[in-house]
Amino acid sequence: EVQLQAFGGGLVQAGGSLRLSCAASGFTFDGFATGWFRQAPGKEREGVSCININDGSTYYADSVKGRFTISSDNAKNTVYLQMNSLKPEDTAVYYCAADLGLMWDSLCHTPSLVGYWGQGTQVTVSS
C-alpha cells in the first residue's frame with residue numbers, strides 16, 4: 001500500500017524556521033513526481049515546491065523562493081521541506097504529494113491530478 005506520512009509542522013514566530021519531512025512507504029520516490037503543497041483556510045491548495053528525485057531539479061512558487069528548500073534522502077525514502085524566514089502568510093496545512101504519471105515539473109501546477117497525498121501537517125506562523 002502506498003502511503004505518505006508528513007510531519008514536522010508546528011507553531012513558530014515570524015522569521016523562524018521549520019523542517020517538514022515526508023516519509024514514503026509501499027514505494028520509492030524514485031520514478032515519482034514529488035512535492036509539497038499547502039492549503040490555507042478559504043484558499044485553494046497550491047503547489048509550494050516540487051523536485052525531480054533523479055537529477056535534483058526543483059521548482060518553487062514565487063512566494064517561497066529564497067526561503068524554502070526542498071530536498072530528498074533516497075536512503076531514507078524521505079523528502080524534506082526546509083522553511084526559513086517564515087511569514088504569517090505561510091500559515092497553512094502542508095501536504096506532501098507524489099504521482100507516478102505526472103512529470104515532476106507539472107506536479108506543483110496540477111493538484112487535481114495528484115495520485116497520492118500525505119495526511120497534512122499544520123504550520124502556524126505568528127506575527
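In what follows, every heavy atom counts, from backbone to side chain, and hydrogens, waters and symmetry copies are set aside.
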Next on the checklist: For Gln122, is the CD atom crowded, meaning more than 12 foreign heavy atoms sit under 6.0 Å from it?
Outcome noted: yes
Checklist entry - With the 4.5 Å side-chain cut-off for hydrophobic clustering, are Phe68 and Val79 part of the same group? => result yes
Item to check | Heavy-atom closest contact (Leu86 atom, Arg67 atom, distance) | outcome: CA-NH1, 3.8 Å
Checklist entry - According to a 4.5 Å side-chain heavy-atom criterion applied to Ile, Leu, Val, Met, Phe, Trp and Tyr, with indirect links allowed, do Val48 and Ile53 form part of one hydrophobic cluster? => result yes
Table please: side-chain donor-acceptor pairs of residues 10-37 below 3.5 Å, with sequence neighbours left out.
from: Ser17; atom 1: OG; to: Asn84; atom 2: OD1; distance (Å): 2.9
from: Thr34; atom 1: OG1; to: Phe32; atom 2: O; distance (Å): 3.4

Item to check | Met83 side chain reached by Val123 side chain, heavy atoms, under 4.5 Å | outcome: yes
Checklist outcome for this item: When rounded to the nearest 0.5 Å, the distance separating OG of Ser57 from CG of Asp105 is 8.5 Å
Checklist entry - How about Tyr60 and Thr69: do any of their side-chain heavy atoms sit closer than 4.5 Å? => result yes
Item to check | Distance-only side-chain donor-acceptor flag, Ser63 / Arg38, under 3.5 Å | outcome: yes
N/O donor-acceptor pairs under 3.5 Å from side chains in residues 107-119, not counting sequence neighbours:
from: Thr110; atom 1: OG1; to: Ser106; atom 2: O; distance (Å): 2.8
from: Gln119; atom 1: OE1; to: Ala6; atom 2: N; distance (Å): 3.0
from: Gln119; atom 1: NE2; to: Ala6; atom 2: O; distance (Å): 2.6

Next on the checklist: As a quick check of understanding, evaluate salt bridge (charged side-chain N to carboxylate O under 4.0 Å, His left out) for Lys65 and Asp62, giving each step before the final call.
Outcome noted: CA-CA 5 Å; Lys65 278 181 182 176; Asp62 287 343; 3.2 Å; yes
Checklist entry - Does the side chain of Leu81 come within less than 4.5 Å of Ser49's, by heavy atoms? => result yes
Checklist entry - Is it true that Leu4 and Tyr80 fall in one hydrophobic cluster, defined by side-chain heavy atoms closer than 4.5 Å? => result no
Checklist outcome for this item: Sorted by chain and number, sequence neighbours left out, side chain to side chain donor-acceptor pair (under 3.5 Å) with Lys43 holds for none
